[in-house]
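For the numbers below, each heavy atom of this structure counts, side chains included, while hydrogens, waters and symmetry mates do not.
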Amino acid sequence: MTENPGITGHWDIDPSHSRLGFSTRHAMVSRVRGAFNDVSGFAEIAEDLADSTAEVIIQTASVDTRSEGRDEHLRSADFFDVETYPEIRFASSAIDEVDEGSYIVTGELTIRDMTKTVSVPLELIGVDTDPFGNLRAGLEGTRRIDRKDWGVTWNTKLDSGGVLVSDKITLEFELSLIKNLDEAALADSSETAVEDAASTETPEPVTEETPAPQADTAAPQGAAPVTDAPENSAEAVAPKTTPSAPEAPKAPESVTPTPAADEPAPPAPTAPESAASVAPKEQSAGSEFPPPPPVKPAETHADKPAEKAPEAKQSDAQSSGSTFGKLFGLR
């Protein structure tokens, strides 16, 4: 694990605030410095530093020593031969933390198609956020190499016995790296997308349950046909039209022959809805129904002979008187 977990992630070199330079002795008495203006690369720092990687690409034609004549000479086949070897590459093979904030980056350095293993010590200057919201990390380090190891051998001897250009080159690293927050945001967004997908799956049953209020709203719609039912169903009409006179006579036509019991009889077909109200009417109809046949003829026949009875008695009296009169000679 890294001592500073804040450096984990993907970092890109910021060429406008970085310098990959070199320096060497000239004519054995002075030091000439130069740099490459076109540089790109990245560092992928994992939590386990052994899994971290780094890569740097330098365009050799971008060499700059503040002297156009010298730069042209460096671009020629005597030095970098930019037409044949346009790039210098470094690819790490191991990154080790030797002290807090101190690292050794070991990798393969390729110049003029010749590759050698080089270890570069780097010091972490700090990690901070700039005013534009970029998280930056600063690294600095130097490493001395022999240019002849990569086939860069051109030189000129001096009268004093020395050489015009020293074979020892000091590589200078002043790097500003910016953390790529877009990739972190993409990783976070992918995780949130998975969580959103799971959360959107849970509301689906809720949307399926939402038709429940539609069923409630459908209930009043079903109630509307109930108001229309009186037009087609006789059973629904009976309780609602009991107070109305025109619908009451419709029931007597199919209930009983007697007109007197017909008027209360209409509720009888509505027995399932108002059985209590029909029951007394059936009792009254039952009590009146059997007596009328025997009572009415008895009373009518009784009345008629009752009226005729005295007449018969009178006739009998008269007849008896006539007989006695005849017997006794009376009229």
Side-chain angles (χ1 to χ4, degrees), residues 1-23 33-64 86-111 115 117-143 145 170-199:
M1 298 290 291
T2 60
E3 294 291 336
N4 188 353
I7 67 171
T8 59
H10 184 89
W11 300 81
D12 293 316
I13 294 176
D14 179 11
S16 61
H17 295 90
S18 299
R19 178 178 177 272
L20 267 71
F22 56 89
S23 64
R33 299 181 184 274
F36 297 96
N37 296 328
D38 191 348
V39 178
S40 62
F42 68 89
E44 188 74 37
I45 307 301
E47 291 186 1
D48 187 355
L49 205 57
D51 299 330
S52 302
T53 58
E55 183 176 349
V56 178
I57 301 174
I58 299 171
Q59 302 299 321
T60 54
S62 66
V63 64
D64 182 6
E87 292 180 348
I88 296 175
R89 285 181 171 269
F90 175 83
S92 70
S93 56
I95 299 176
D96 298 320
E97 187 172 19
V98 295
D99 198 354
E100 183 177 358
S102 297
Y103 302 90
I104 296 291
V105 181
T106 302
E108 305 298 322
L109 178 61
T110 302
I111 302 174
T115 302
T117 300
V118 176
S119 295
V120 179
L122 293 174
E123 188 78 18
L124 179 64
I125 303 304
V127 179
D128 207 342
T129 302
D130 65 17
F132 305 99
N134 299 314
L135 184 62
R136 290 181 177 272
L139 295 167
E140 291 182 357
T142 59
R143 168 61 198 261
I145 63 173
T170 301
L171 302 178
E172 301 170 348
F173 302 92
E174 299 171 4
L175 303 176
S176 178
L177 285 75
I178 299 176
K179 190 171 186 178
N180 191 335
L181 300 177
D182 293 338
E183 293 185 358
L186 288 174
D188 295 339
S189 63
S190 62
E191 293 177 358
T192 53
V194 173
E195 294 175 357
D196 292 340
S199 62

Spacing of [X] atom [atom1] and [Y] atom [atom2] [to the nearest 0.5 Å]:
| X | Y | atom1 | atom2 | answer |
| --- | --- | --- | --- | --- |
| F173 | L139 | CZ | CG | 11.0 Å |
| L124 | Y103 | CG | OH | 5.5 Å |
| L109 | I58 | CG | CD1 | 7.5 Å |
| N134 | D128 | CG | CG | 11.5 Å |
| L122 | E174 | CG | CD | 11.5 Å |
| L171 | L20 | CG | CG | 8.5 Å |

Are any non-hydrogen side-chain atoms of V127 and W11 less than 4.5 angstrom apart?
yes
Taking all non-hydrogen atoms of both residues into account, name the closest pair between [X] and [Y] and its distance.
| X | Y | value |
| --- | --- | --- |
| T53 | F42 | OG1-CE1, 4.2 Å |
| V105 | S92 | CG1-CB, 3.9 Å |
| I13 | S18 | CG2-OG, 3.7 Å |
| S119 | I104 | CB-CG2, 4.1 Å |
| V118 | R143 | CG1-NH1, 3.8 Å |

Non-neighbouring partners of [X] that pass side chain to side chain contact (heavy atoms under 4.5 Å, CB included), sequence neighbours left out:
| X | result |
| --- | --- |
| T117 | T106, E108 |
| S40 | I57 |
| S62 | F36, N37, D38, Q59 |
| A35 | R19 |

Does E87 have any salt bridge (Lys or Arg N to Asp or Glu O under 4.0 Å) partners at least two apart in sequence or in another chain, and if so, which?
R89
Would a distance-only check, ignoring hydrogens and angles, find a side-chain to backbone donor-acceptor pair under 3.5 Å from T60 to P86?
yes
Without swapping roles, check the side chain of K179 against the backbone of I7 for a donor-acceptor pair under 3.5 Å.
no
I need the single residue from I45, L181, N180 that forms a side-chain contact (heavy atoms from CB on, under 4.5 Å) with H10. Which is it?
N180
Salt bridge (charged side-chain N to carboxylate O under 4.0 Å, His left out) partners of residues 129-138, not counting sequence neighbours, each pair once
D14-R136, D130-R136
